[in-house]
Amino acid sequence: MKLTHEALDRECPHCKEKLKKYSVSSFNFSDGLGFGTPLLLVCFNDECKIFKDGWSAMFDNYGKTGSMRYWYNPVDGDEGVLPVGSREAMRGDIIEE
Ligand SMILES: [Zn+2]
């Protein structure tokens, strides 16, 4: 499927920050399944509700130190959250414009 400019120009529904393009090429799920897209749109706003609330949610639910970031798949419109181990996690794969 072709990625349109409109599909890549979205804001986070939780904090209204513009989502950043994130290269999934280096990212793999532990079960080996991919996203079916070369990139995801991810909210890297450290003030985002998902990220701020994620710290306690991760600890309460999984007993782990970490948080979550919101993502949107521009190919199929799917969305969800990804666990991150730290504030800097995943930032190396942001596609800067
Ligand atoms: Zn956000």
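Each ligand, and each atom within it, is numbered from 1 in the order the structure gives.
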Would you check if Phe44 and Ile94 make a side-chain contact, meaning some heavy-atom pair closer than 4.5 Å?
yes
Which atom pairs, one a donor and one an acceptor, fall under 3.5 Å between side chains of residues 56-64 and the rest of the protein, sequence neighbours left out?
residue: Ser56; atom: OG; partner: Asp53; partner atom: O; Å: 3.2
residue: Asn61; atom: ND2; partner: Ala57; partner atom: O; Å: 3.1

Evaluate the criterion side-chain contact (heavy atoms from CB on, under 4.5 Å) for residue pair Leu39 and Ile95; output intermediate values, then yes/no.
CA-CA 9 Å; Leu39 60 88; Ile95 301 168; 4.2 Å; yes
Going by the rule ring-ring contact (aromatic ring centres under 6.0 Å, His included), which residues pair with Phe51 if we only count those two or more places apart in sequence or in a different chain?
Trp55
Show me the pairs that pass salt bridge (Lys or Arg N to Asp or Glu O under 4.0 Å) and involve residues 4-16, at least two apart or across chains.
Asp9-Lys18
What are the protein N, O or S atoms, given as residue plus atom name, that sit under 2.8 Å from the Zn ion (ligand 1)?
Cys12 SG, Cys15 SG, Cys43 SG, Cys48 SG
Less than 4.5 Å apart, side chain to side chain, heavy atoms only: is that true for Leu19 and Cys43?
yes
